[in-house]
Amino acid sequence: MTARYDFKIIEERHQADWAKEGLFAAREDSSRSCYYVLEMFPYPSGRIHMGHVRNYTIGDVVARYKRMQGYNVLHPMGWDAFGMPAENAAIEHRTHPATWTYENIDYMRKQLKRLGLSYDWEREFATCDPDYYRWEQLFFIQMFEAGLVYRQKSKVNWCEGCRTVLANEQVEDGKCWRCDTEVVEKELDGWFFKITDYTQELLEGCDRLTGWPEKVLTMQRNWIGRSVGAEITFPLAGDDSEIRVFTTRSDTLFGATFMSLSPEHPMAMELCIGTGQEEEVKAFIDHWTKIPSRERQITKSPNHQITKSKEGVFTGAYVKHPLTGESIPIYIANFVLMEYGTGAVMAVPAHDQRDFEFAKEYKLPIKVVIQPEGGNLKPETMKEAWEGPGTLVNSGLFSGMENEQAKKAITRHLETHGLGNQKISYRLRDWGISRQRYWGTPIPMVQCDTCGIVPVRKQDLPVILPLDARLDKQGRSPLPGLESFWSTTCPKCGGPSRRETDTMDTFVESSWYFARYACPDETSAPLDRKRVDVWLPVNQYIGGIEHAILHLLYARFFTKVLRDLGWLSADEPFTNLLTQGMVLKDGAKMSKSKGNVVDPDKMINTYGVDTIRLFILFASPPERDLEWSDQGVEGAHRFLHRIWRLVTKNLEGLTSARTDKETLIQGTKASKALRQKTHQTILKVTEDIEQRFHFNTAISAVMELINEVMSCLNRYGTPEIDQQGDWAVLREAMEAVLILLFPMVPHITDELWQLLGHQKTISLEPWPVADLDVARADTVNIVVQVNGKLRSQVEVAQNTDKEIIESMVLDDPKVKRYTQGKAVHKIIYVPGRLINVVVRN
RNA sequence: GCCGAAGUGGCGGAAUUGGUAGACGCGCUAGAUUCAGGAUCUAGUGGACAGUAUAUCCGUGGGAGUUCGAAUCUCCCCUUCGGCACCA
């Protein structure tokens, strides 16, 4: 029987069978170890793209592999369903974001199901379901009560394209992460999550996340940006107030010759009053506070090079140096950031490049207080600041100290005299979550004229996002104009009040969805702690590197908050993280504008799901970018065809074979080698998947086994072959092929498995264990080198003595050619691999 | 500027701890089969040299070094990509 490989029928049939059997439904079951594998859930943008296919294929292989290993696997899927594209599409297509979103979900669910992904679909949800976001509103109120939420007027990143505020993490290169519009600064009231309460824990946690790529951890550490330094008090001259500065270089304190304040510094304006500098200072502050701090320093020079200019103005006021008592002029400088440290810095021009440039520009004194080893820095001749290590000079009591030591000594000295203290500063800012958008989770707060800001009562949740809203063409949120939504009564006094009309950043939804999968049916609480603790943390999380900071940092923060609110026990959400590379075509990311998009549906229609899965897994290891190749797809398809033919053309011989141990060892010499290869392949594939998810090399190994099977079959028909034993070995090999490939190409392997006479799906097979005795070779090839150059090879029995090999090698005519007339200096033997004869003239 | 990752045939990529560089696949070449094409099977495929030999030499971005031995370790340089970017 040689049925055609009709992938369409096969794939549909097996998908239906798996669904009918309920193979992928996860149940809490204490008898087996749990394994939670999760891929980053998609935004329902309309259609699945190749990036999704890659992401979910990788996750599916892991899920199926772990199931075969006996784990109780949780592998869920859902939808990150709130967000701007829905609003834009709704305006464009004159529909409602909800309609658009749910239609997309229905379509994309079909696409995912067609990919044969082993999800527990019973746990599916969309974050725009009120049954999901109501719990997010509860978390918000609980966080508010715990002091983790506050409202503040502040300068925010505003994207005019999206007509909303963006978090710091969502600004890339001064542009909106989504629409690329130049971000402007705007003063707005908004809600903040106090992620900075968890700075230290988020940072320390990085050291314990050993299952995360170092790259991601580095990015998170840099984003948090910890620096240890000191806060130092400078008393104002002729006044009893003071200005505090933050510095990481307290060792250079004696070199401070002026002070720089940010234009936004609260004292900037008042300092100059009565000094005659008022007008100049006012003009300067007016000018620079209009420019977002991000762009402040950057001026475009004529040749389009971006340069950073140091500009400032003297306030007319002075502070006193805390240790020397010297008068120090106070400047306002464009490069000092209000949002870092204290917004004021002590300027040490000799040892800070920015201060150096500023001092040169405004002719301020430069005082050297650190001498590098063997150096002799002089202010007059310095071309740039010396920021490296050295010995303190001109530093009173501290002169002669090494600068690292001096940092501590000076800080301690300041502390004992009440002039300063050790201080750790971070770059991380609180997470602004207010969005002036419609399609998001309503913030459950109320503004009452008498009571002020009051949370909605918990029993009144959810605050439902009204679906009768009409979007305007400019994309402004309809909520502030929708009285039926915002008009309400105060939860406290019952008086008339107004609901918050901003919605939450959609990154809030994705910060806890992985926990909700543990109990998506829970109606009385956001999370059922018992069930959540069974599954969390996620054992293996898989997604794109583009979320290295944004989503992954927020999810870590949220997990810690939920832990502290008592909803779960995990400290971290994801134990292991795999960041998969992008799918490229012609060297570039697929995009409509470039016209290099490969549509998964078309590919699947032509080649079938298994082919696409195989190609994606084979073309490159998962963490690397993958170059799409139509010829590569053909190759993958050909390989599946070859397996199909191998089984169907030899079905009679294969099905008649018994694979008990006695029959297996009856094989002839040719099939004995095949048997060894089979067990070596089991070892290799297991190792490749287990240790590093390198499916490409795992597939290569199976291809080698197939090649061996083919050459073995070519020898059949000759009379000396023992049919019984050989067919047994062939069957063992082919069954290994099917099982090893099953997690990657589940449909064709299940079909062939059942053609071989098995009654049940291959899904239920345990992962094979190699027989080490069979896998081990009787003989080994030892590479022979002379002076490190390959000259010959010898074949010897396993564990042959070193002396025997040595004498064999020295007798080898090929070796002799190089050793003749020379003295053998030494012989290096690497057991079982290599022998190197070192000779000298 | 700082931090990080990478650079291997015509292409995607192997080489897991310093031990046969180029596994596996694509592509290409030749042969078999075929009316022909496709498909399939067999053999070959880093470069140089070529004159008959299981030869020799070169070869993992470039240059030095360590070592019996380096794609792998060290130093310098070049290129590409990613992150941060006046963070005091």
Side-chain angles (χ1 to χ4, degrees), chain A residues 172-173 213-223 225-227 229 245-249 252 260 262 293-294 296-298 306 308-310 333-337 339-348 351-355 357-358 387 425-428 545-546 548-549 614-615 618-621 623-636 638-639 641-642 645 684 687-688 691-692 694 696-704 706-707 710-711 714 781-793 814 817 825-830 832-840:
Chain A
E172 293 169 350
D173 246 352
E214 200 48 48
K215 184 183 180 169
V216 175
L217 294 174
T218 305
M219 281 165 73
Q220 293 220 346
R221 285 191 189 104
N222 290 343
W223 187 261
R226 172 187 150 108
S227 23
V245 300
F246 173 73
T247 180
T248 55
R249 293 297 304 271
T252 63
S260 307
S262 163
S293 55
R294 191 180 322 104
R296 202 171 279 172
Q297 348 41 22
I298 298 168
I306 289 172
K308 293 168 179 181
S309 69
K310 303 281 177 292
N334 66 344
F335 63 88
V336 181
L337 306 172
E339 54 274 18
Y340 186 78
T342 62
V345 296
M346 66 174 204
V348 186
H351 305 293
D352 182 286
Q353 186 57 26
R354 294 156 299 181
D355 297 340
E357 286 166 29
F358 193 86
E387 296 182 340
S425 275
Y426 298 94
R427 194 183 162 281
L428 183 70
I545 184 78
E546 66 272 18
I549 296 171
L614 183 70
F615 165 72
F618 181 59
S620 132
E623 65 275 9
R624 252 206 257 191
D625 286 351
L626 182 154
E627 175 69 33
W628 190 266
S629 154
D630 290 337
Q631 286 176 329
V633 177
E634 297 268 1
R638 243 182 341 248
F639 174 66
H641 255 288
R642 186 171 300 152
R645 278 195 311 271
K684 166 81 177 151
E687 218 171 78
D688 282 345
Q691 291 179 4
R692 25 175 224 175
H694 275 201
N696 56 331
T697 49
I699 293 166
S700 297
V702 178
M703 286 174 168
E704 284 185 55
I706 285 288
N707 290 343
M710 306 247 306
S711 74
N714 281 335
N781 262 326
I782 306 274
V783 168
V784 182
Q785 295 182 338
V786 180
N787 286 352
K789 284 205 156 92
L790 175 70
R791 296 302 178 193
S792 181
Q793 297 198 11
K814 278 180 271 178
R817 270 167 56 185
H825 176 62
K826 62 175 166 179
I827 295 174
I828 290 153
Y829 176 59
V830 183
R833 298 198 86 146
L834 170 143
I835 188 157
N836 187 12
V837 183
V838 184
V839 294
R840 284 183 180 171

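Naming convention: chains lettered A, B, ... in sequence-line order (proteins, then strands); numbering from 1 in each chain.
- Residue A:Gln785 places no side-chain atom within donor-acceptor reach of the base of B:U20, judged by atom type and a 3.5 Å distance cut-off alone.
- The closest side-chain donor-acceptor pair between A:His694 and A:Glu623 falls under 3.5 angstrom.
- Here the side chains of A:Glu704 and A:Lys684 are not in contact, with every heavy-atom distance at 4.5 Å or above.
- No donor-acceptor distance shorter than 3.5 angstrom exists from the side chain of A:Asn781 to the backbone of A:Gln793, with no hydrogens or angles considered.
- Of the P atoms belonging to B:G62 and B:G4, the separation is 24 Å, rounded to the nearest Å.
- Residue A:Glu623 contributes atom CD, which lies 18 Å from atom P of B:G82 at whole-angstrom precision.
- Counting only heavy atoms from C-beta outward, the side chains of A:Arg791 and A:Gln785 never approach each other to under 4.5 Å.
- The nearest whole Å value for the distance from the CD atom in A:Glu704 to the P atom in B:A15 is 12 Å.
- The side chain of A:Thr697 places no N or O atom within less than 4.0 Å of a non-bridging phosphate oxygen (OP1 or OP2) of B:A23.
- Between A:Leu626 and A:Phe615 the shortest side-chain heavy-atom distance falls below 4.5 Å.
- Nucleotide B:U16: unpaired (no Watson-Crick or G-U wobble partner with both distances less than 3.5 Å).
- Checking B:A88, B:C41, B:U16 against every side-chain atom of A:Thr248, the shortest atom distance belongs to B:A88.
- Spacing between B:G19 and B:A70 at atom P, rounded to whole Å, works out to 11 Å.
- Note: CZ (A:Phe639) to P (B:U40) measures 14 Å, nearest angstrom.
- No side-chain heavy atom of A:Glu387 sits under 4.5 Å from any side-chain heavy atom of A:His351.
- Using a 4.0 Å cut-off between charged side-chain N and carboxylate O, A:Arg221 and A:Glu214 make a salt bridge.
- One P atom belongs to B:U20, the other to B:A71, and the distance between them is 9 Å to the nearest Å.
- Using a 4.0 Å heavy-atom criterion, one finds that A:Glu687 contacts the bases of the nucleic acid, with or without backbone contacts as well.
- Look at the C1' atom in both B:A21 and B:G69: the space between them is 14 Å, to the nearest Å.
- B:U72 is unpaired under the Watson-Crick or G-U wobble criterion, no partner having all donor-acceptor distances under 3.5 Å.
- If you check B:U60 for Watson-Crick or wobble pairing at under 3.5 angstrom, you find it has no partner at all.
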Polar atoms only, N or O, under 3.5 Å: list the protein pairs with nucleotides 25-30 of chain B and their distances.
unit_1	atom_1	unit_2	atom_2	d
B:G25	OP1	A:Asn707	ND2	3.4
B:C26	OP1	A:Arg638	NE	3.3
B:C26	OP1	A:Arg638	NH2	2.8
B:G27	OP2	A:Arg638	NH2	3.1

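- No contact: A:Met346 has no heavy atom under 4.0 Å from any strand.
- A distance of 9.0 Å separates OG of A:Ser227 from OH of A:Tyr426, quoted to the nearest 0.5 Å.
- Rounded to whole Å, the distance from NE2 on A:His694 to P on B:A14 is 7 Å.
- Rounded to the nearest Å, the gap between the C1' atom of B:C49 and that of B:C11 is 27 Å.
- In this structure B:U54 sits in no base pair that meets the Watson-Crick or G-U test at under 3.5 Å.
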Please list each protein N or O that sits under 3.5 Å from an N or O in nucleotides 51-61 of chain B, with the distance.
unit_1	atom_1	unit_2	atom_2	d
B:U56	OP1	A:Tyr818	OH	2.6
B:C57	OP2	A:Arg791	NH1	3.4

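- Using N1 to N3 plus N6-O4 or O6-N4 for Watson-Crick, or N1-O2 and O6-N3 for G-U wobble, each under 3.5 Å, B:A32 pairs with B:U40.
- B:G38: glycosidic angle beyond 90° from 0, hence anti.
- Comparing B:A15, B:A23, B:G19 by their nearest atom to the side chain of A:Arg692 picks out B:A15.
- For A:Phe246, whose side chain is taken as the heavy atoms from C-beta onward, the closest listed nucleotide among B:G12, B:C68, B:A88 is B:A88.
- Nucleotide B:A21 is matched to nothing when pairs are restricted to Watson-Crick or G-U wobble geometry with both distances under 3.5 angstrom.
- No side-chain donor-acceptor contact under 3.5 Å links A:Ser262 and A:Tyr340.
- Following rounding to the nearest Å, A:Tyr426 (OH) and B:A88 (P) show an atom-to-atom distance of 13 Å.
- A 4.5 Å side-chain heavy-atom check between A:Ile706 and A:Phe639 finds at least one atom pair inside the cut-off.
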Enumerate the protein-to-nucleotides 3-7 of chain B contacts in which both atoms are nitrogen or oxygen and the separation is below 3.5 Å.
none

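- Using a 4.0 Å heavy-atom distance criterion, A:Gln793 is classed as a base contact.
- Under the 6.0 Å distance and 45° angle rule, A:Lys310 does not count as a cation-pi partner of A:Phe358.
- Atom-to-atom, CZ of A:Arg354 to P of B:C2 comes out at 15 Å; the value is rounded to the nearest Å.
- Side-chain atoms of A:Phe618 and A:Ser700, non-hydrogen and from C-beta on, do get closer than 4.5 Å to each other.
- Of the inter-residue distances, the one linking A:Thr247 atom OG1 with A:Asp352 atom CG reads 8.5 Å to the nearest 0.5 angstrom.
- Across all strands, A:Asp355 comes closer than 4.0 Å to no nucleic acid atom at all (heavy-atom distances).
- Under the Watson-Crick or G-U wobble criterion, with both distances below 3.5 Å, B:A5 is paired with B:U80.
- Here the side chains of A:Ile835 and A:Ile827 are in contact, with some heavy-atom distance below 4.5 Å.
- Atom CZ of A:Arg249 sits about 11.0 Å away from atom CG of A:Asp355, to the nearest 0.5 Å.
- Across the strands present, B:G27 finds its partner in B:U45; the criterion is a Watson-Crick or G-U wobble pair with both atom distances under 3.5 angstrom.
- Nearest nucleotide to the side chain of A:Ser227, out of B:A88, B:U16, B:G13: B:A88.
- Between the CG atom of A:Leu626 and the P atom of B:G13 there is a distance of 8 Å, given to the nearest Å.
- Taking atom CH2 of residue A:Trp223 and atom C1' of nucleotide B:C87, one finds them 12 Å apart after rounding to whole Å.
- Between A:Gln691 and A:Ser700, the residue anchored nearer the 5' end of RNA chain B, judged by the nucleotide with its closest heavy atom, is A:Gln691.
- Comparing B:G12 with B:G44, their P atoms sit 25 Å apart, to the nearest whole Å.
- The side chain of A:Asn696 contributes no N or O atom lying less than 4.0 Å from OP1 or OP2 of B:G12.
- The 5' end of RNA chain B is approached more closely, in terms of each residue's nearest nucleotide, by A:Ser620 than by the other of A:Ile699 and A:Ser620.
- At a cut-off of 3.5 angstrom, the base of B:A88 holds no donor-acceptor pair with the side chain of A:Arg249.
- Which of B:C68, B:U16, B:C87 sits closest to the side chain of A:Lys684 comes down to B:U16.
- Contact of the A:Met346 side chain with the A:Thr252 side chain is registered, since non-hydrogen atoms from C-beta on lie closer than 4.5 Å.
- Annotation: B:C41 and B:U33 have their C1' atoms spaced 8 Å apart (nearest Å).
- In this structure, the nucleotide among B:G83, B:C41, B:A14 sitting nearest to the side chain of A:Arg645 is B:C41.
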